Asks: 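What follows is a single structure, and I will ask about it in a moment.
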Protein chains: 2
Amino acid sequence: MSVTIKDIAKQAGVSYSTVSKALRDSPLVKKPTKTKIMKIAEELGYQPNVAARSLVQKKSFTVGVVWPSVERVAPSILITQINDLLEAHSYTTLLSINKIESAISTFNRFQVDAILVFGENENDLTNSKIQSTVPILYYGVQEDLRFPTIDVNRRLAIKLATKYLQDIGHKQIAFIGDLSNFDPLQKDKLIGFLEAMNVEHASDLPDMIIPTNGLEVHDGYLAAKNLLTKQSSITAIISGSYDLTRGILRATTELSLKIPEDLSIISYDNIPQSENLEIQLTTVGVPITRIAQRISETLLTIIEGETVQHSIILEPELNTLDSCAPLSNNHESS
Amino acid sequence: MSVTIKDIAKQAGVSYSTVSKALRDSPLVKKPTKTKIMKIAEELGYQPNVAARSLVQKKSFTVGVVWPSVERVAPSILITQINDLLEAHSYTTLLSINKIESAISTFNRFQVDAILVFGENENDLTNSKIQSTVPILYYGVQEDLRFPTIDVNRRLAIKLATKYLQDIGHKQIAFIGDLSNFDPLQKDKLIGFLEAMNVEHASDLPDMIIPTNGLEVHDGYLAAKNLLTKQSSITAIISGSYDLTRGILRATTELSLKIPEDLSIISYDNIPQSENLEIQLTTVGVPITRIAQRISETLLTIIEGETVQHSIILEPELNTLDSCAPLSNNHESS
DNA sequence: TTGTATGCGTTATCAA
DNA sequence: TTGATAACGCATACAA
């Protein structure tokens, strides 16, 4: 049986409405009474009942996050950051790993103040009839045109990377990315590459597009090892993800290739380089902190009932560090 | 503004208490009235308000899951299964990725019916004063002696595996596991190995204990490749995790080793083999379905207010498939 | 500065 | 078979 404000009131010898005010730090309560009440609440281990509060306030100070694919590691850092940001505004986040429809329904019953949806990229179920009184924000994929969406411009990211390499003289540039599933997010990166390379189809650059069988470290390793042992004309690599890059670096180390002297590398990446790699990577992408920031802001905005831009696209930035070098002449002749 | 039973009552021309009964499918309401009400509720997109319901019922039909380290992939399959199992009993699960203390506090305010904690293995904060009106169940690590815990017997798992290999004639058995962090869960596996091998310390078997630098596929790959290229006396490998095993298999494939003819392998594993490996692995561990089953049951039991065994240890099973073979004489001589 | 009364949406008890 | 009403825990407008 949990303790209520009435229990505190009894202990403190005041009315329970006074307790309610005191706990909310209202100026309508004298300091001594307030401190006394606070102390008793503390002692009794009082926890305000969210149900009761949200019933009267019509607000739960809670954001529901729909996360149907827990297995995927990538968004987990993002979630953590969003959680922290929202917490600073005294919002709690709660996750549901149910299917999107049922999760949204749950959150509606719980009267959360907003819902953030991490879409499943696999199946775009635009047909599903989502009913929600609560405002919804999508991240990643536009699944439902009725609700605003935030996404990052992956295509431009890879395009930027490619152009940069071209600017510093590279022509033989390889793109290593996962094209094994029909993940539109991964495909988009390839398109950015094709655009920068000024070709229509992937088949126009058979030697420069190196598909992997997944997004794991080892996939990058295999692709790079394969590429670098048999083909020496490549002077730069663009990697579609951080994990692939780690694999690529393992391959170059094994082959005793020096970065950036023998090979330039740019990695698509959102995550600030926490792990100490052998080298400071040149990366391209939208920093995850910026994504988290923008999502949190937008969430708070739609909670206020204000409307937001329907489709928010976050633009990537190139972060030039040590893993790229201009193409020197002696390199070209090798 | 969401629709309430009063809105439905008005539409249907009945009292709202009748609506309440009808929606709960009470026998106290005539069929025609019931169907009529149901229909209107449907049309209006009615969603029952959990706050109001749990306020009066003192029950939210919700289980809170504390999951402070979203990044870790391993438990995610488990959570998914538990979620499904509980859903079948009409319970909803909600996850929190906050720190354990704050997550538990949140769930208390939400008046969930039970809390499941996936402990952080890194820091055992037994000292933290956790206040909870709601019953708690720990999984993995016993962090707080006041609450019941479910765990799997990793030590026995590896011991079983080792003994089995010994039974079929192997003597030169290697254990590949992650000992890089001070993760007690991983350490426990090593102890099982040492017990079966009948030695006190890891230093007694320098050539047979192969530590990796992590639990990733590539870590297993490196360890195995290193081991198998320089040391040929090993006839069997016990792998501390499924991912390590995948790496090990890549190494053996590269080295053209035949499993089980040239080398026997047993993998620690909870997950039913979904991925089609080249070979049907002999595995040891507690099947994840069994873990999920037991956790769900226990959760439901403590929700009923009944007490459960304080420390539940799930015992592993050996699942002998194709990756192990008795040690033949010609092998021994090689 | 404190206390009283009302209502949030729902279930449950009792009366009709 | 239906309807009126109290109660859940809390916040708040209003009275004291």
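None of these values were measured; they are calculated from a predicted model. Chain letters run A, B, ... following the sequence lines, proteins first and then strands; every chain starts at 1.
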Asks: Do Ser105(A) and Arg109(A) pair up side chain to side chain, a donor and an acceptor below 3.5 Å, judged on atom types alone?
Replies: yes
Asks: For Ile288(B), does its backbone N or O pair with a side-chain atom of Asn270(B) as donor and acceptor, under 3.5 Å?
Replies: no
Asks: Can you check the Ile37(A) CD1 to dC10(D) P distance for me, whole Å?
Replies: 13 Å
Asks: Would you say Lys34(A) reaches dT1(C)'s phosphate, i.e. side-chain N/O to OP1/OP2 under 4.0 Å?
Replies: no
Asks: Taking only residues two or more places apart in sequence or in another chain, which ones pass side-chain contact (heavy atoms from CB on, under 4.5 Å) with Lys30(A)?
Replies: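 In terms of side-chain contact (heavy atoms from CB on, under 4.5 Å), with neighbours along the sequence ignored, Lys30(A) is linked to Pro32(A), Thr33(A).
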Asks: If the test is side chain to side chain contact (heavy atoms under 4.5 Å, CB included), which one of Thr149(B), Leu116(B), Asp151(B) qualifies with Tyr138(B)?
Replies: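 With Tyr138(B) as partner, side chain to side chain contact (heavy atoms under 4.5 Å, CB included) holds for just one option, Thr149(B).
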Asks: Can you list the steps and then say if Ile79(B) with Trp67(B) is a side chain to side chain contact (heavy atoms under 4.5 Å, CB included)?
Replies: CA-CA 10 Å; Ile79(B) 291 190; Trp67(B) 197 10; 3.5 Å; yes
Asks: Can you check the Lys59(A) NZ to dC10(D) P distance for me, whole Å?
Replies: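 Spelled out: NZ on Lys59(A) to P on dC10(D) is 19 Å.
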Asks: For dC8(D) and Ser54(B) - does any side-chain N or O of the residue sit under 4.0 Å from the phosphate oxygens OP1/OP2?
Replies: no
Asks: Can you measure Leu55(A) atom CG to dT12(D) atom P for me and round it to whole angstrom units?
Replies: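 Going from CG in Leu55(A) over to P in dT12(D) covers 13 Å.
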Asks: Between residues 105-115 of chain B and DNA chain C, which residues have a heavy-atom gap below 4.0 Å?
Replies: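 The stretch gives none, as no residue of it lies under 4.0 Å from the strand.
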Asks: Where the side chain of Lys58(A) is defined as all heavy atoms beyond and including C-beta, which of dG9(C), dG3(C), dG3(D) is the nearest nucleotide?
Replies: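 The answer is dG9(C), which lies nearest to the side chain.
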Asks: Quick one: does any side-chain atom of Ser60(B) pair with a main-chain N or O of Gln111(B) as donor and acceptor, under 3.5 Å?
Replies: yes
Asks: State whether Thr18(B) places a side-chain N or O below 4.0 Å from either non-bridging phosphate oxygen (OP1 or OP2) of dT2(D).
Replies: no
Asks: Just the rounded figure in Å: distance from P of dT1(C) to CG of Asp25(A).
Replies: 13 Å
Asks: Figure out the NZ/C1' separation between Lys31(A) and dT2(C), and round it to whole Å.
Replies: 18 Å
Asks: Could you go through Val66(B) and Ile115(B), starting from their C-alpha distance and side-chain angles, then the distance that decides it, and tell me whether this counts as side chain to side chain contact (heavy atoms under 4.5 Å, CB included)?
Replies: CA-CA 7 Å; Val66(B) 181; Ile115(B) 298 175; 3.7 Å; yes
Asks: Between Asp84(B) and Gln81(B) (side chain of the first, backbone of the second, donor and acceptor by atom type, cut-off under 3.5 Å), is there such a pair?
Replies: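 No, because the side chain of Asp84(B) does not come within donor-acceptor range (under 3.5 Å) of the backbone of Gln81(B).
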Asks: How far apart are the C-alpha atoms of Leu78(A) and Phe118(A), what are their side-chain angles, what is the distance that settles it, and do they pass the side chain to side chain contact (heavy atoms under 4.5 Å, CB included) test?
Replies: CA-CA 11 Å; Leu78(A) 186 53; Phe118(A) 282 77; 3.9 Å; yes
Asks: Base contacts versus sugar-phosphate-only contacts with protein, heavy atoms under 4.0 Å: please encode nucleotides 10-16 of chain C as B, S and - from 5' to 3'.
Replies: BBBB---
